[in-house]
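To start, the structure under review is shown below, and the notes come after it.
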Amino acid sequence: MQEDRAFDIVRTSLRNGRLPHAYVLVAPPRGAGGAFARRVCSLLLCERGPAAAPCGECDGCVRAARGTHPDVRTLEPEKKSRVIGIDAMRGSFLPWAAEKSFDGGWKIGVVLFADRLNDASSNAFLKTLEEPPENTLFLLATDQPDALLPTILSRCQRLDLSTGRVPPAEPWRTRVAEALAAHSNASQLRVQATAMRLHAIFEEIRGLAEDAVRAEVRAASEADPAGYVPPDKDTFDALARTKEKELRLAVYVAFQDWYRDLLVLSSIPPGAPEPVLFFPEFRDVLAERARRVPARLALRYVDLAEEIRTHIEVRNMADTFVFPHFLTWIH
Ligand SMILES: [Zn+2]
């Protein structure tokens with residue numbers, strides 16, 4: 001489940017042209033991390049293009065899955081020393097990364113057990129991450145992300161695949177970020193505009209929730225045509241409302257993550273290493289805002305996100321009332 005959501009994030013970023021240069025995949029490299037990396041390789045190399053799901057049948061997909069695609073290069077620790085040394089890094093990996101891709105499309109550099117990079121190989125790799133080659137994605141799989149150099153981590157978007165927090169589902173994550181990126185409380189009109197965008201997301205979620213329950217009902221009746229008793233209207237509504245609440249969680253999490261990023265950016269001292277953000281693709285917007293919003297206010301916004309959730313989900317207040325009310329206080 002986490003993996004599917006993480007995959008959604010990668011796919012949406014790719015479609016929006018906002019793919020970062022590198023991801024840290026937090027998962028066992030021999031298990032979920034490596035598998036996820038192969039999935040992303042197929043996504044980028046499938047001959048049907050990134051708009052579709054990888055077909056699994058074309059030459060690009062097959063070679064990506066077998067690990068024989070010339071535009072995929074994998075680096076892993078040497079058997080004896082169990083580290084990824086400078087020789088392996090400089091010998092073939094970085095020169096390969098600097099070259100044009102074989103097929104004219106994406107190149108993917110995979111580092112399995114990225115925590116085994118030593119100082120020398122980390123620093124050599126860092127230079128490439130600082131000036132990343134075009135159309136090249138790096139995937140660093142590790143189950144010990146804290147062992148990586150902070151300077152490397154700060155240049156990667158982090159995807160926790162098997163442990164830790166689950167990123168909010170797409171497309172809601174990006175939609176919320178876009179609404180908040182455009183937000184201003186300079187006028188009541190602007191506040192209403194943000195509230196309307198968030199309300200539109202809720203409306204869409206309502207439609208999806210009803211569709212999902214309808215599909216479940218259909219599946220259950222087809223499985224047992226004779227014995228199945230369809231739910232009455234009240235039960236159907238209750239099921240749909242429950243599903244809707246579940247889906248809306250992604251909106252609140254994204255909302256809170258956005259203001260956590262603002263908080264991080266408004267509280268880093270000058271010269272500190274680049275922090276790891278939930279929304280690295282919106283870094284410029286966030287950084288610009290962080291210059292105007294002191295940390296104590298950003299912290300307040302994180303709390304407001306939780307208050308918005310409580311008012312809507314616990315007190316059952318209308319979002320069309322709650323959003324404009326709270327957004328008035330948010331710069
Ligand atoms: Zn394919």
Side-chain angles (χ1 to χ4, degrees), residues 1-76 92-114 125 128-129 132-143 155-162 166-175 208 211-212 215 219 250 280-281:
M1 190 61 181
Q2 272 103 330
E3 284 155 42
D4 288 342
R5 287 189 189 175
F7 192 70
D8 260 358
I9 287 181
V10 176
R11 193 157 52 188
T12 308
S13 305
L14 175 67
R15 276 187 202 153
N16 296 342
R18 289 175 182 274
L19 202 65
H21 298 294
Y23 285 105
V24 167
L25 310 174
V26 183
R30 288 265 176 260
F36 190 84
R38 283 193 296 279
R39 228 174 132 187
V40 173
C41 289
S42 299
L43 175 71
L44 294 177
L45 299 171
C46 177
E47 288 160 11
R48 286 168 53 181
C55 70
E57 286 165 3
C58 72
D59 199 39
C61 282
V62 170
R63 288 196 291 172
R66 283 194 193 140
T68 58
H69 201 293
D71 289 327
V72 179
R73 187 61 60 97
T74 304
L75 191 58
E76 52 189 315
S92 65
F93 193 71
L94 293 182
W96 166 87
E99 280 167 24
K100 283 231 174 310
S101 74
F102 188 79
D103 275 354
W106 283 91
K107 288 203 313 280
I108 305 104
V110 181
V111 183
L112 296 178
F113 300 95
F125 186 40
T128 296
L129 279 182
E134 249 179 74
N135 285 344
T136 304
L137 176 70
F138 292 104
L139 300 171
L140 286 69
T142 175
D143 46 12
R155 296 191 179 273
C156 303
Q157 188 175 336
R158 177 176 171 147
L159 291 174
D160 290 75
L161 298 182
S162 45
V166 181
E170 291 290 6
W172 319 121
R173 173 188 168 280
T174 301
R175 295 272 301 278
L208 279 178
D211 289 349
E281 70 269 42

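For reference, positions follow the sequence shown, starting with 1. Atom set for the values below is all heavy atoms of this structure, side chains included, hydrogens, waters and symmetry mates excluded. Order of appearance sets the numbers: ligands from 1, and atoms from 1 within every ligand.
Judged purely by atom type and a 3.5 angstrom limit, D71 uses its side chain to pair as donor or acceptor with the backbone of D103.
Taking the six-membered ring where tryptophan is involved, the planes of F138 and F125 are perpendicular, since the angle between them exceeds 60° and thus also 30°.
Between R173 and E281 there is a salt bridge, since a side-chain N of the basic residue sits under 4.0 Å from a carboxylate O of the acidic one.
Nearest heavy atoms, L140 versus A114: CB-CB, 3.8 Å.
Excluding waters, the protein N/O/S atoms found under 2.8 Å from the Zn ion (ligand 1) are C46 SG, C55 SG, C58 SG, C61 SG.
Residues R18 and T12 fail the side-chain proximity criterion, which asks for heavy atoms closer than 4.5 Å.
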With side-chain contact (heavy atoms from CB on, under 4.5 Å) as the criterion, how do T128 and T136 come out once you've worked through the C-alpha distance, each side chain's angles and the decisive distance to 0.1 Å? CA-CA 11 Å; T128 296; T136 304; over 6 Å; no

